[in-house]
Amino acid sequence: MALRVYNTLSGEKETFVPQTPGKVGMYVCGVTVYDYCHIGHARANIVFDIIFRYLKYVGYDVTYVRNYTDIDDKIIRRANQESVDYRVIADRYIKAFDEDMERLGLARPTVEPKATDHIGGIITIIETLMAKGHAYQSEGDVYYAVDTFPEYLKLSGRTMDEMQAGARVEVGEKKNNPMDFALWKSSKPGEPSWDSPWGKGRPGWHIECSAMSMEFLGKTFDFHGGGRDLIFPHHENEIAQSEAANGCQFVRYWLHNGFVNINAEKMSKSLGNFFTIRTVLEKYDPETLRFLILSAHYRSPIDFSDQNLDEAQTGLERMYTCLAAVDDALTAQPSSIDLPAPETLPEAGRELREKVDQAIPRFCEAMDDDFNTALSMGVLFETVRATNRFLAESREFGPLALSLLARVRNLFAEAGTVLGLFNRRPVEWLDGIKSAKAVNMSITPVEIERLIAERAEARTAKNFRRGDEIRDLLLAQGVHLLDSAQGTTWNVK
RNA sequence: GGCGGCGUAGCCAAGUGGUAAGGCAGAGGUCUGCAAAACCUUUAUUCAGCGGUUCAAAUCCGCUCGCCGCCUCCA
């Protein structure tokens, strides 16, 4: 089954054929580093992290480039506000971004270039564009003349007329056409600047991506990704620059992720309705956030709320609880060889074996269909149910059963390398969730343990009334007791 | 105003022509001294509404209603 991806350029799902067999070049627009990242950034980065991981998983040699935009108006403004060099701001938020992505469990891209390290390449492209008549100088600035590129707006599928109809047309006296955009901006005194054939200045926003992608991936490469909101103008302008300069196709498959919404509205800085990644991670586990993001298709909008995060956590707990039980069965078994002779699997076992046999193929089939993570997680949940059933119906496990459970464990580990989940030992993850919940309780774990001990004595003495009193008392505090043959443990509701 | 997308159970969500995955929540049951977890059963004759095409539509077409996005920095 071949990988099929939705290409924004064609508006259709297409079978992916790499430019060079066995290799993939992929560029994703990173962040402008002037503030902490919010959940929208988390989604974009997680989505492309999964795509990166899956491409590697199916055997491609992937070169993944994700840039930092470290020079920009907003960075300069922020630097002025704090009266520091722009570099201080850029470096601070690059560090913050790296920390956030690390906590979210993102795989490191192959290259993470900074715009300011590629000024030379940027200038070269602008010179080429000027030489070819696609750009013109105007009062120290250099603009791209969109009229010279007939295919302009092919990505967003609109026409110049449609774009301008009703749109606020800012009259840029410096521009020949209001739709023209800056390739190079002259700098005001005191602003960061680089020398160029057009005087001191800095690059426009779009040109850096053309320069960096060409540097690391060549003139034509396979995937270019980013949020939907980058389609216009950013990606449209990148196409105009790169294709006009190089005279060949820029990107073969354009991928765009959907937004994170708050109450059905786009989360954004300008609306002020955003949550930073670090704020969310104070309360929720990184894998929980990842789970929530993976539970919807990457192109659909996703609503962000505590309720959705809570549900995601419950769902992940279900998976981890199952894996913990599998680990238990796998390690708690006597290693002696005098286990029951070659057993035949009970019905639940045969059903599980069937699920296990199909799990990875079905998982891949889902991922092959434009990275359908929501469907792929459905496959995992079905495996969880079959596993739990088998566990619940088996008293003891023979070699056949144990090898089946080991396969369950392996398939989750395998799917986990693609989804970026199940990185922790199940019991550890569950303990982490438990203690996070316990923070909000009015009772300490020590007290809970003491009450459990008292209850155990009462129960031994068949004093169930006292035992139940203690259970109810703890329940009132949100503590559930779990009795088992091994003793009593507790969990937080 | 122009262009585009979406509307699937109480909630989240997959499904783009063949008769509705999965998760959460709910109900009943098994297990348990009682619970919890787990398991079993159950919860949309129906996919915003109305019409059309087809042997067959949530899936294609048209219209209506509602929500959202882009057209300006934005993941």
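Chain A is the first sequence line, chain B the second, and so forth, proteins listed ahead of strands; every chain is numbered from 1.
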Chemist: Once you apply a heavy-atom cut-off of 4.0 Å, does A/T159 come out as touching a base, just sugar-phosphate, or nothing?
Modeler: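 Counting heavy atoms under 4.0 Å across all strands, no contact is made by A/T159.
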Chemist: Does the side chain of A/R318 get closer than 4.0 angstrom to OP1 or OP2 of B/rG23 through an N or O atom?
Modeler: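 Answer is yes, contact under 4.0 Å.
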Chemist: Are A/R459 and A/T488 close enough, and set up right, to give a side chain to side chain contact (heavy atoms under 4.5 Å, CB included), and what steps lead you there?
Modeler: CA-CA 12 Å; A/R459 292 175 77 214; A/T488 300; 4.1 Å; yes
Chemist: Searching all strands shown, indicate the nucleotide that pairs with B/rC63 (Watson-Crick or G-U wobble; both distances under 3.5 Å).
Modeler: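 Paired with B/rG49.
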Chemist: Under 4.0 Å, heavy atoms only, any strand: does A/G225 hit a base, just the sugar-phosphate, or nothing?
Modeler: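 Result for A/G225 = nothing.
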Chemist: B/rA36 phosphate, OP1 or OP2: any side-chain N/O from A/H480 under 4.0 angstrom?
Modeler: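 Result: no.
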Chemist: Quick one: label A/V260 by what it contacts on the DNA or RNA (base, sugar-phosphate, nothing), any heavy atom closer than 4.0 Å.
Modeler: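 The residue A/V260 makes base contact.
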Chemist: Between B/rG22, B/rC24, B/rA14, which nucleotide gets closest to the side-chain atoms of A/F381?
Modeler: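 Nearest to the side chain of A/F381 among the choices is B/rG22.
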Chemist: Does the base of B/rG33 carry an N or O that pairs as donor and acceptor with the side chain of A/R459 under 3.5 Å?
Modeler: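 Donor-acceptor pair under 3.5 Å: yes.
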Chemist: Could you check how far NE2 of A/H234 sits from P of B/rC70, rounded to whole Å?
Modeler: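 Roughly 16 Å, once rounded to whole Å.
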Chemist: For the side chain of A/R471 and the base of B/rC34, is some donor closer than 3.5 Å to an acceptor across the two?
Modeler: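 Yes, a donor-acceptor pair under 3.5 Å.
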Chemist: Taking only side-chain nitrogens and oxygens of A/K266, does any of them come within less than 4.0 Å of OP1 or OP2 of B/rC70?
Modeler: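 So the side chain of A/K266 is within the cut-off, an N or O lying under 4.0 Å from OP1 or OP2 of B/rC70.
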Chemist: Assign A/A374 to base, sugar-phosphate, or nothing according to its heavy-atom contacts below 4.0 angstrom with the strands shown.
Modeler: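 The residue A/A374 makes base contact.
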Chemist: Assign A/G226 to base, sugar-phosphate, or nothing according to its heavy-atom contacts below 4.0 angstrom with the strands shown.
Modeler: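 Sugar-phosphate, backbone atoms only, no base.
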Chemist: My understanding is that only residues two or more places apart in sequence, or in another chain, count here; which of them pass ring pair (Phe, Tyr, Trp, His ring centres under 6.0 Å) with A/F181?
Modeler: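 Result, ring pair (Phe, Tyr, Trp, His ring centres under 6.0 Å) vs A/F181: A/Y144, A/H206.
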Chemist: On a whole-Å scale, what distance lies between the C1' atoms belonging to B/rU54 and B/rG62?
Modeler: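 Approximately 16 Å lies between the C1' atom of B/rU54 and that of B/rG62.
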Chemist: Answer yes or no: side-chain N or O of A/D468 and base N or O of B/rG33 forming a donor-acceptor pair under 3.5 Å.
Modeler: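 Answer is yes: a donor-acceptor pair is held.
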Chemist: Scan A/N388 against the nucleic acid and name what it touches under 4.0 Å (heavy atoms): base, sugar-phosphate only, or nothing.
Modeler: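 Answer is sugar-phosphate: A/N388 comes under 4.0 Å of backbone atoms only.
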Chemist: Determine yes or no for a side-chain-to-main-chain donor-acceptor pair under 3.5 angstrom, with A/D468 supplying the side chain and A/R471 the backbone.
Modeler: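 Checking the backbone N and O of A/R471 against the side chain of A/D468, no donor-acceptor pair under 3.5 Å is found.
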Chemist: Flag as yes if A/F464 stacks onto the base of B/rG33 (centroids under 5.5 Å, planes under 30°), otherwise no.
Modeler: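 Yes, the aromatic ring of A/F464 stacks with the base.
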Chemist: With hydrogens left out and only the distance checked, is there a donor-acceptor pair under 3.5 Å joining A/E382's side chain and the base of B/rG22?
Modeler: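 Result: no qualifying N/O pair found.
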Chemist: Suppose you measure atom P in B/rG10 against the same atom in B/rU45; what distance do you get, rounded to whole Å?
Modeler: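 Going atom to atom, P in each nucleotide, I get 9 Å.
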Chemist: Does A/N177 use its side chain to pair, donor to acceptor, with the backbone of A/A145 at less than 3.5 Å?
Modeler: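 No, the answer is negative, given that no donor and acceptor are paired below the 3.5 Å cut-off.
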Chemist: Please state the P separation for the pair B/rG23 and B/rC39 - nearest whole angstrom.
Modeler: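 Roughly 9 Å separates the two P atoms.
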Chemist: Rounding to the closest angstrom, what is the interatomic distance between B/rU19 and B/rC12 at atom C1'?
Modeler: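 It comes out at 25 Å once rounded to the nearest Å.
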Chemist: Applying a 4.0 Å non-hydrogen cut-off, can you work out what A/H38 is touching in the nucleic acid: base, sugar-phosphate, or nothing?
Modeler: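 Here A/H38 touches the bases of the nucleic acid.
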Chemist: Nearest-nucleotide wise, let me know which of A/G378 and A/F48 is further upstream toward the 5' end of RNA chain B.
Modeler: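 This one resolves to A/G378.
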Chemist: Give the C-alpha distance, both sets of side-chain angles, the deciding distance and a yes or no for salt bridge (Lys or Arg N to Asp or Glu O under 4.0 Å) between A/D141 and A/K175.
Modeler: CA-CA 10 Å; A/D141 294 346; A/K175 298 181 188 178; over 6 Å; no
Chemist: Counting the atoms with a prime plus P, OP1 and OP2 as sugar-phosphate, which does A/F259 contact under 4.0 Å by heavy atoms, base, sugar-phosphate, or nothing?
Modeler: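 A/F259: base contact, heavy atoms under 4.0 Å.
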Chemist: May I ask you to say what A/K462 touches in the nucleic acid, namely base, sugar-phosphate or nothing, with a heavy-atom cut-off under 4.0 Å?
Modeler: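 Here A/K462 touches no strand at all.
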Chemist: Any donor-acceptor pair, under 3.5 Å, between the side chain of A/R158 and the base of B/rC71, if you only look at N and O atoms?
Modeler: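 Per atom types, no contact qualifies.
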Chemist: Under 4.0 angstrom, heavy atoms only, what part of the nucleic acid is A/L482 near: base, sugar-phosphate, or nothing?
Modeler: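 Base contact.
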Chemist: Is it the case that the side chains of A/N237 and A/Y152 hold a donor-acceptor pair, with the cut-off being a distance below 3.5 Å and no angle test?
Modeler: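 Yes - a donor-acceptor pair under 3.5 Å links their side chains.
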Chemist: Return the nearest nucleotide to the side chain of A/F232; candidates are B/rC39, B/rA37, B/rC71.
Modeler: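 Comparing B/rC39, B/rA37, B/rC71 against the side chain of A/F232, the answer is B/rC71.
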Chemist: Could you state the CG-C1' distance from A/N308 to B/rC11, rounded to the nearest angstrom?
Modeler: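 Taking CG of A/N308 and C1' of B/rC11, I get 8 Å after rounding.
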Chemist: Please state whether the phosphate of B/rG69, meaning OP1 or OP2, lies under 4.0 angstrom from any side-chain nitrogen or oxygen of A/S268.
Modeler: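 So the side-chain polar atoms of A/S268 never come under 4.0 Å of the phosphate oxygens OP1 or OP2 of B/rG69.
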Chemist: Between A/R424 and A/D431, does any side-chain N to carboxylate O distance fall below 4.0 Å?
Modeler: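 No, no charged N to carboxylate O under 4.0 Å.
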Chemist: Report which part of the nucleic acid A/R66 touches: base, sugar-phosphate, or nothing (heavy-atom distance under 4.0 Å, all strands).
Modeler: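 Since no nucleic acid heavy atom lies under 4.0 Å of A/R66, the category is nothing.
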Chemist: Relative to the 5' end of RNA chain B, which residue comes earlier, A/G157 or A/M377, by the nucleotide with the nearest heavy atom?
Modeler: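 Its nucleotide being nearer the 5' end, the pick is A/G157.
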Chemist: Between A/R385 and B/rC39, is there a side-chain N or O to OP1/OP2 distance below 4.0 Å?
Modeler: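 No, outside the criterion.
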Chemist: For A/N372, answer base if it contacts any base atom (sugar-phosphate contacts may also be present), sugar-phosphate if it contacts only those atoms, and nothing otherwise; contact means non-hydrogen atoms under 4.0 Å.
Modeler: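 Sugar-phosphate contact only - A/N372 comes under 4.0 Å of backbone atoms but never of a base.
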